Amino acid sequence: MDDRPIGMFDSGVGGLTVARAVIDLLPGEDLLYLGDTARGPFGPRDLAEVREFALEIVDWLVGQGVKMVVVACNTAAAAALAEAQATFSVPILGVVEPGLRAGLRATTRRHVGMIGTAATVESGAYEAALERMRSDVVLESVACPRFVEFVESGETTGAAVAGVAAEYLAPLRSSGVDTLILGCTHYPLLARVISDAVGRDVTLISSADETAFEVADIMSMTGTRRTPTTTTAGSHRFVCTGDTESFQRLGERFLGPEVAGVEHLEWSGRRGPGVSFR
Ligand code: DGL
């Protein structure tokens with residue numbers, strides 16, 4: 001048993017979709033969530049820059065005393081998961097493999113779509129994970145760069161976002177995928193719009209639930225799960241690097257009342273002594 005919090009991060013509010021699943025599955029666990037809203041979105045950035053950001057954030061979370069880190073951002077996981085796992089001693093889990101695994105379980109015709117940020121699609125992280133899993137599923141990846149902006153501004157419905165979705169998803173609609181992996185943790189917040197655009201017969205897959213189950217498995221394996229008999233609810237701390245008010249407003253809407261008292265974190269631009277990720 002380990003009473004330290006689970007650390008989690010994203011460029012903004014998208015990772016809250018994963019946080020919701022973790023809170024629901026593991027209500028006794030403490031959670032520390034960082035939204036790097038001052039530097040998000042990560043999707044349009046260079047992967048090397050996202051890698052720097054991701055390692056810096058993991059370093060911060062580890063410094064805060066978390067017992068594990070969930071990279072609740074596909075872009076950051078694509079850019080830095082392996083390196084973060086090799087650099088830090090706490091278990092570090094991404095969202096790419098859990099999402100892909102759930103997609104492979106769901107597909108009926110072995111034809112799967114994946115939508116994500118430009119950086120995630122360009123990284124080829126899903127294709128590489130598919131190869132590691134030795135799967136013969138056909139995977140078609142499409143970047144949906146404007147989706148994150150819509151979510152971060154709270155515009156999750158309406159003609160503008162529906163129009164953009166129809167445009168982005170037209171190729172997947174016509175190619176006949178039966179399953180669509182939401183390869184960005186912001187996208188479950190646009191699930192209805194996406195489903196309407198791609199067709200209701202296509203099964204949408206969010207990595208959130210699968211990731212939460214993997215968090216539980218890792219804690220069981222490492223003996224770090226809080227005593228399951230506890231009736232005390234875990235505490236949840238939310239920190240963001242940008243405007244706390246808008247993070248709290250969106251957080252309460254997307255995750256729920258647990259997002260209260262959002263704290264501000266200012267990056268100093270300097271890492272601790274001896275820490276170098278170059
Ligand atoms: N939610 C993130 C992801 O899963 C980040 C999106 C972004 O910052 O562009 O990729």
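In this text, all values refer to a predicted model and were calculated from it rather than measured experimentally. Start at 1 and go down the list; that is how both ligands and their atoms are numbered.
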**Item:** By side chain to side chain donor-acceptor pair (under 3.5 Å) - contacts of S175 (at least two apart)
**Value:** E140
**Asked** Do any pairs count as a salt bridge (Lys or Arg N to Asp or Glu O under 4.0 Å) and have a residue in residues 11-23, sequence neighbours left out, and if so which ones?
**Response** R20-D24, R20-E258
Taking a 3.5 Å cut-off between nitrogen or oxygen atoms, can you list every pair linking ligand 1 to the protein, with distances?
unit_1   : atom_1 : unit_2 : atom_2 : d
ligand 1 : 1 (N)  : D10    : OD1    : 2.9
ligand 1 : 1 (N)  : T185   : OG1    : 2.8
ligand 1 : 1 (N)  : H186   : ND1    : 2.7
ligand 1 : 4 (O)  : N74    : N      : 2.8
ligand 1 : 4 (O)  : N74    : ND2    : 3.1
ligand 1 : 4 (O)  : T185   : N      : 2.9
ligand 1 : 4 (O)  : T185   : OG1    : 3.4
ligand 1 : 8 (O)  : S11    : OG     : 2.6
ligand 1 : 8 (O)  : F42    : N      : 2.6
ligand 1 : 9 (O)  : F42    : N      : 3.3
ligand 1 : 9 (O)  : G43    : N      : 2.7
ligand 1 : 10 (O) : N74    : N      : 3.4
ligand 1 : 10 (O) : T75    : N      : 3.1
ligand 1 : 10 (O) : T75    : OG1    : 2.6

**Test item: R253 and T156 side chains (from C-beta on) under 4.5 Å apart, heavy atoms** = yes
**Request:** For the residue pair Y168 and F147, categorise the inter-ring angle as parallel (less than 30°), tilted (30 to 60°) or perpendicular (more than 60°).
**Result:** perpendicular
**Request:** Mind checking side chain to side chain contact (heavy atoms under 4.5 Å, CB included) for A170 and listing every partner two or more places apart, or none if nothing turns up?
**Result:** none
**Request:** Verify the distance criterion only: is there a donor paired with an acceptor across the side chains of S141 and E127 at less than 3.5 Å?
**Result:** yes
